[in-house]
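Worksheet: the structure to be examined is printed underneath.
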Amino acid sequence: MTETFDIHTRLSEALPSRAEAWQFVADFAAYWQQPLQPGDGWSVEEAEAAERRLGLVLPAALREAYLLLGHRTDLTSNHDTLLKPDELHVVDGALVYRVENQGAASWGVLLADLDDDNPGTVMRPDLADKSQEQWDAWESSLTVACVEMVMSEAVLFAGGFTDFLELDADEAGVVGQFRELPAVGRDVRWFAKADVLIRELDGFCLNVRARTEEALDQLRESVPGDWLEG
């Protein structure tokens with residue numbers, strides 16, 4: 001297990017760099033979950049089979065993500081779902097690689113951007129009026145989207161020391177006592193200290209993960225409220 005992990009510095013380095021992003025993912029997994037192991041990713045053959053079926057070439061960053069951690073559902077699919085290679089599909093000019101857990105949204109890469117090694121991502125909501133659905137710009141790159149994915153799925157992991165707090169108007173900003181991390185993800189803010197990771201979703205709620213029960217208890221004491229598990 002990684003003994004120290006300066007998430008603020010490492011995240012700052014990871015966001016603009018594809019190589020640093022994958023190193024961040026590996027070290028983040030070792031610190032907050034379990035280290036990545038051989039076999040945690042899909043094989044080159046499985047990625048190539050998906051390409052033949054779809055008649056396209058996956059962006060390098062998406063292929064790298066699948067080969068690195070595609071089987072690690074604890075990092076990819078606790079809440080939303082990273083599609084398996086044989087589940088990748090095209091919708092209205094975009095390759096869909098991830099879906100919201102109740103089908104409320106999909107994330108993808110525009111087909112026009114597939115030649116880019118690390119293209120930006122797009123999001124499409126599932127609306128009652130299908131004529132209003134469209135792909136909107138989401139993350140600046142696939143690696144940024146993957147960094148956000150593993151961080152979000154870690155705080156939503158069903159096992160371990162996690163909790164949830166719904167915020168009211170008076171509690172907004174209560175996590176300001178923690179160090180805010182560089183921005184990653186839409187409509188979310190991240191805060192952390194050595195043994196605690198906090199995701200604030202649109203000022204509405206907190207999802208938190210701690211490395212120890214003691215750290216989680218200390219967090220609940222410092223941020224009072226009606227914690228779901230506490």
Side-chain angles (χ1 to χ4, degrees), residues 1-41 61-62 64-80 82 98 118 139-165 174-201 205-223 227 229-230:
M1 177 181 292
T2 301
E3 294 300 329
T4 60
F5 183 64
D6 180 354
I7 190 170
H8 190 282
T9 299
R10 296 297 305 282
L11 190 54
S12 298
E13 296 170 346
L15 295 181
S17 167
R18 191 164 118 216
E20 289 292 340
W22 298 136
Q23 189 59 57
F24 174 91
V25 166
D27 291 343
F28 180 93
Y31 192 77
W32 288 101
Q33 297 283 70
Q34 296 293 327
L36 294 174
Q37 302 287 344
D40 281 350
L62 185 58
E64 289 165 356
Y66 276 118
L67 269 57
L68 180 67
L69 75 161
H71 287 303
R72 286 289 297 271
T73 56
D74 61 318
L75 298 170
T76 66
S77 303
N78 291 311
H79 186 264
D80 302 326
L82 177 68
R98 193 174 184 221
N118 193 15
E139 299 292 356
S140 60
S141 69
L142 262 169
T143 51
V144 170
C146 288
V147 166
E148 187 279 333
M149 173 181 67
V150 299
M151 291 175 64
S152 290
E153 296 300 328
V155 297
L156 294 166
F157 187 52
F161 306 111
T162 58
D163 210 338
F164 169 88
L165 176 65
V174 70
V175 290
Q177 60 186 290
F178 299 93
R179 188 180 187 188
E180 186 166 359
L181 299 178
V184 57
R186 299 288 293 273
D187 302 324
V188 299
R189 298 167 70 200
W190 291 93
F191 301 83
K193 59 180 183 178
D195 292 326
V196 173
L197 182 64
I198 304 169
R199 185 182 77 158
E200 181 189 66
L201 178 59
C205 67
L206 303 181
N207 298 105
V208 305
R209 180 171 181 82
R211 297 183 75 221
T212 67
E213 186 173 4
E214 179 183 11
L216 184 56
D217 286 341
Q218 290 175 351
L219 170 64
R220 294 183 183 122
E221 291 176 3
S222 62
V223 183
W227 288 95
E229 302 295 339

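In this text the structure is predicted, and so the values were computed from the model without any measurement.
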(message) Can you confirm whether L201 sits close enough to F164 that some side-chain heavy atom of one is under 4.5 Å from a side-chain heavy atom of the other?
(response) no

(message) What's the separation between atom CG in D74 and atom CD in Q34, rounded to the nearest 0.5 Å?
(response) 8.0 Å

(request) Considering non-hydrogen atoms only, spot the tightest contact between R72 and P35 and give its length. (result) NH1-O, 3.1 Å

(message) Holding to side chain to side chain donor-acceptor pair (under 3.5 Å), I want the full list of residues that pass it with R186, two or more places apart in sequence or in another chain.
(response) none

(message) Let me confirm one number: the CG-CG distance from D6 to D27, rounded to the nearest 0.5 Å.
(response) 11.5 Å

(request) Check whether any side-chain N or O of N118 sits under 3.5 Å from a backbone N or O of T143 as a donor-acceptor pair, and report yes or no. (result) yes

(request) Could you check L165 against V208 for side chain to side chain contact (heavy atoms under 4.5 Å, CB included), going step by step and ending with a plain yes or no? (result) CA-CA 8 Å; L165 176 65; V208 305; over 6 Å; no

(request) Show your working on side chain to side chain contact (heavy atoms under 4.5 Å, CB included) between I7 and F24 and close with a plain yes or no. (result) CA-CA 9 Å; I7 190 170; F24 174 91; 4.1 Å; yes

(message) Distance check, rounded to the nearest 0.5 Å: R179 atom CZ versus I198 atom CD1?
(response) 14.0 Å

(message) Show the nearest heavy-atom pair for residues A183 and L15, with the distance to one decimal.
(response) O-CD1, 3.6 Å

(message) V175 vs R189, test: side chain to side chain contact (heavy atoms under 4.5 Å, CB included). Steps then yes/no.
(response) CA-CA 10 Å; V175 290; R189 298 167 70 200; 5.5 Å; no

(request) List for me each residue that meets ring-ring contact (aromatic ring centres under 6.0 Å, His included) alongside H71, sequence neighbours excluded, and say none if there are none. (result) W42

(request) Nearest 0.5 Å please: distance from the CG atom of L68 over to the SG atom of C146. (result) 9.0 Å

(message) Can you pull out every side chain to side chain donor-acceptor pair (under 3.5 Å) where at least one residue sits in residues 12-21? Sequence neighbours excluded, please.
(response) R18-E64

(message) Within the structure provided, determine whether L82 and Y66 are in side-chain contact (heavy-atom separation under 4.5 Å).
(response) yes

(message) So which atom in A14 and which in A21 form the shortest heavy-atom distance, rounded to 0.1 Å?
(response) O-CB, 3.6 Å

(request) Using a 4.5 Å cut-off on heavy atoms from C-beta on, say whether the side chain of D40 contacts that of Q37. (result) yes

(message) List the residues meeting side chain to side chain contact (heavy atoms under 4.5 Å, CB included) with S222, not counting sequence neighbours, and say none if there are none.
(response) Q177, F178, L219

(request) Could you tell me whether the side chain of R10 and the main chain of F28 form a donor-acceptor pair under 3.5 Å? (result) no

(message) Looking at T162 and L156, would you say the former's side chain and the latter's main chain have a donor-acceptor pair under 3.5 Å?
(response) no

(message) Using every non-hydrogen atom in the two residues, find where L36 and A29 come nearest and quote the distance to one decimal.
(response) CG-CB, 4.2 Å

(message) Regarding T212 and D195, do their side chains bring together a donor and an acceptor under 3.5 Å, going by distance alone?
(response) no

(message) Which heavy atom of P182 sits nearest to which heavy atom of L11, and what is that distance?
(response) O-CD2, 3.7 Å

(message) Please enumerate all residues that pass salt bridge (charged side-chain N to carboxylate O under 4.0 Å, His left out) together with E153, with sequence neighbours excluded.
(response) R98

(request) Run the numbers on R199 and R209 for side chain to side chain contact (heavy atoms under 4.5 Å, CB included), then give the verdict. (result) CA-CA 9 Å; R199 185 182 77 158; R209 180 171 181 82; over 6 Å; no

(message) Within the supplied structure, the quantity of interest is the number of heavy atoms (other residues, nucleotides, ligands) at a distance under 6.0 Å from E214 CD; does it exceed 12?
(response) no

(request) For residues L197 and W32, report the shortest heavy-atom separation together with the two atoms involved. (result) N-CH2, 3.6 Å

(message) Nearest 0.5 angstrom please: R211 CZ to L216 CG, how far?
(response) 13.5 Å

(message) Taking side chain to side chain contact (heavy atoms under 4.5 Å, CB included) as the definition, give me every residue that meets it alongside E221, ordered by chain and number, with sequence neighbours left out.
(response) none

